[in-house]
Protein chains: 2
Amino acid sequence: MDAVKENTRQIIIDSSIKLFAQFGYANVSVRDIADAVGIKPASLYYHFDNKQTLYLASIKESFSLKASGLSEILQSQEPAEIRLKNYIYKFTALASEDEPFCRLIQREMLDGDEQRMQYLAEKVFKDQFDALDLLVIEINPQCDSHMSAISILSLVLYHLETTPIRYFLKGHKKQHNQAEFIAQHVFNLLMNGLLKS
Amino acid sequence: MDAVKENTRQIIIDSSIKLFAQFGYANVSVRDIADAVGIKPASLYYHFDNKQTLYLASIKESFSLKASGLSEILQSQEPAEIRLKNYIYKFTALASEDEPFCRLIQREMLDGDEQRMQYLAEKVFKDQFDALDLLVIEINPQCDSHMSAISILSLVLYHLETTPIRYFLKGHKKQHNQAEFIAQHVFNLLMNGLLKS
DNA sequence: CAAAATACCTAACAACTGTTAGTTAGGTAA
DNA sequence: TTACCTAACTAACAGTTGTTAGGTATTTTG
């Protein structure tokens with residue numbers, strides 16, 4: 001039955017996403033994935049040509065699921081600053097909910113070759129980045145929108161990525177790990193800089 | 001002679017830093033390192049107990065070299081905002097010059113266990129982070145200094161880390177990869193937010 | 001019902017992994 | 001000369017890796 005085929009294939013991909021995100025490509029063996037799925041290693045090769053192909057299918061799957069609700073926010077009829085605020089809150093929430101996705105992106109940044117970077121940029125980030133770029137221009141036509149857009153993303157993502165180490169750094173509080181708190185801080189910083197709070 | 005011993009050991013560590021930073025722990029074999037050094041794999045075990053130990057020695061070495069000139073800047077007699085500006089420019093320059101260092105930190109963020117996070121936080125980042133925290137408080141006593149300090153670091157590091165992908169994103173220019181340009185953007189954002197430029 | 005396709009299996013392969021045992025050449029101290 | 005230390009070596013180990021060939025139930029199709 002097709003449902004069964006699709007089902008197993010999907011379970012393999014879902015398991016792979018989690019494993020690759022957690023441990024990285026080289027640290028996950030074909031046997032690990034097979035164990036997680038509950039089949040034998042050789043059976044994976046019925047569904048995928050090889051490990052590399054399975055990995056690429058996994059990141060494509062993981063990345064294609066994103067970028068859903070965010071475009072609406074960026075293109076709504078609200079004033080620019082409200083749209084930015086909504087975007088930051090929503091993006092922070094989405095990113096904090098999907099740790100495997102964030103980790104996969106980090107890993108791709110480190111280990112992805114030029115071709116994969118291009119894929120990521122054009123197929124995953126393009127629409128969102130372009131819309132964010134336009135929004136930044138709307139807020140301040142004078143600024144370097146490319147740099148500003150990167151800055152916005154960096155603020156959100158880095159606070160999330162540094163969660164495990166911030167715990168050991170001065171002044172850490174529990175609330176610093178909450179998505180809403182991070183979003184609030186980032187939006188305030190973008191609006192006022194460091195000087196007001 | 002001691003000089004010879006220290007020399008080989010140092011060459012091993014230097015080679016390891018580059019390889020581990022570039023490819024990651026699991027993707028670098030003991031034979032790769034030996035080849036890079038110009039000795040046989042077994043000879044590595046005269047200088048280090050095992051691969052893990054060599055890796056730890058490499059990151060300690062790489063991390064201990066930093067944090068030199070930065071403390072002076074943070075503790076100088078200049079006004080707070082000037083100190084922040086100087087710090088951002090210097091930090092951006094240092095980070096952009098030492099790519100292996102940046103990559104090792106990224107990898108540790110992803111794969112380091114709690115113990116290594118603690119080591120990183122307390123032995124590598126502590127002094128700098130605390131000083132930066134104090135500087136932020138000086139600039140604005142009202143703000144959440146922990147979050148703000150992370151934000152400052154995130155802005156600098158993320159612009160550097162995203163270099164390979166920003167190339168494919170809208171509005172990219174060559175100058176966006178230059179340390180001084182990044183520092184200027186970050187400092188301006190921190191002072192004025194997005195609104196002024 | 002027979003044939004074919006599906007989705008799994010067992011068993012094994014060659015290559016590579018970290019690591020160890022044992023050896024050797026050269027320098028140093030008694 | 002003898003004994004020891006240093007810093008490298010050769011050769012091999014046991015385990016893991018990605019992958020393949022060939023077999024086997026179950027389901028679908030002609």
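Quick note on labels: first sequence line is chain A, next is B, and so on, each numbered from 1.
Contact record, B:Ala21 with B:Arg103: O-NE, 2.9 Å, taken as the closest heavy-atom pair. Scanning both residues, B:Glu81 and B:Phe187, for their nearest heavy atoms gives O-CE1, 3.6 Å.
Taking only side-chain atoms of A:Val30, from C-beta outward, the nucleotide of D:dA8, D:dT19, C:dT10 with the closest atom is D:dT19. Taking every side-chain heavy atom of B:Ser43 into account, D:dC9 is the closest of D:dC9, D:dT20, D:dG18. Of the listed nucleotides (D:dC9, C:dT19, D:dG18), C:dT19 has the atom at the smallest distance from the side chain of B:Pro41.
Between B:Ile39 atom CD1 and C:dT24 atom P the separation is 20 Å, expressed in whole Å. The NZ atom of B:Lys40 sits 15 Å away from the P atom of D:dA12 (whole-angstrom rounding). The distance from atom NZ of B:Lys51 to atom P of C:dG18 is 4 Å, rounded to the nearest whole Å. Taking atom CZ on A:Arg31 and atom P on D:dG15, their separation rounds to 14 Å, with Å as the unit. C:dC13 atom P lies 22 Å from atom CG of A:Asn50, rounded to whole Å. C:dT19 atom C1' lies 20 Å from atom OH of B:Tyr55, rounded to whole Å. Rounded to whole Å, the distance from CG on B:Asp32 to P on C:dT17 is 6 Å. Taking atom OH of A:Tyr45 as the reference point, atom C1' of C:dC13 lies 13 Å away to the nearest angstrom.
At the heavy-atom level, A:Val28 lies under 4.0 Å from the strands shown only through sugar-phosphate atoms.
Counted by atom type alone, B:Glu161 and A:Gln106 present zero donor-acceptor pairs between their side chains at under 3.5 Å.
At D:dT6, none of the side-chain N or O atoms of B:His47 fall inside 4.0 Å of OP1 or OP2 (strictly under the cut-off). Remark: A:Thr8 is in phosphate contact with C:dC8, judged by side-chain N or O atoms under 4.0 Å from OP1 or OP2. When the side-chain nitrogen and oxygen atoms of B:Ser29 are compared with OP1 and OP2 of C:dC16, none of them lie within a distance under 4.0 Å. Checking the phosphate oxygens (OP1, OP2) of C:dC8, no side-chain nitrogen or oxygen of A:Tyr46 falls inside 4.0 Å.
With a 6.0 Å cutoff to the six-membered ring centre and a 45° limit on the axis angle, A:Lys51 counts as a cation-pi contact of A:Tyr25.
Between A:Phe129 and A:His146, the distance separating the two ring centers is shorter than 6.0 angstrom.
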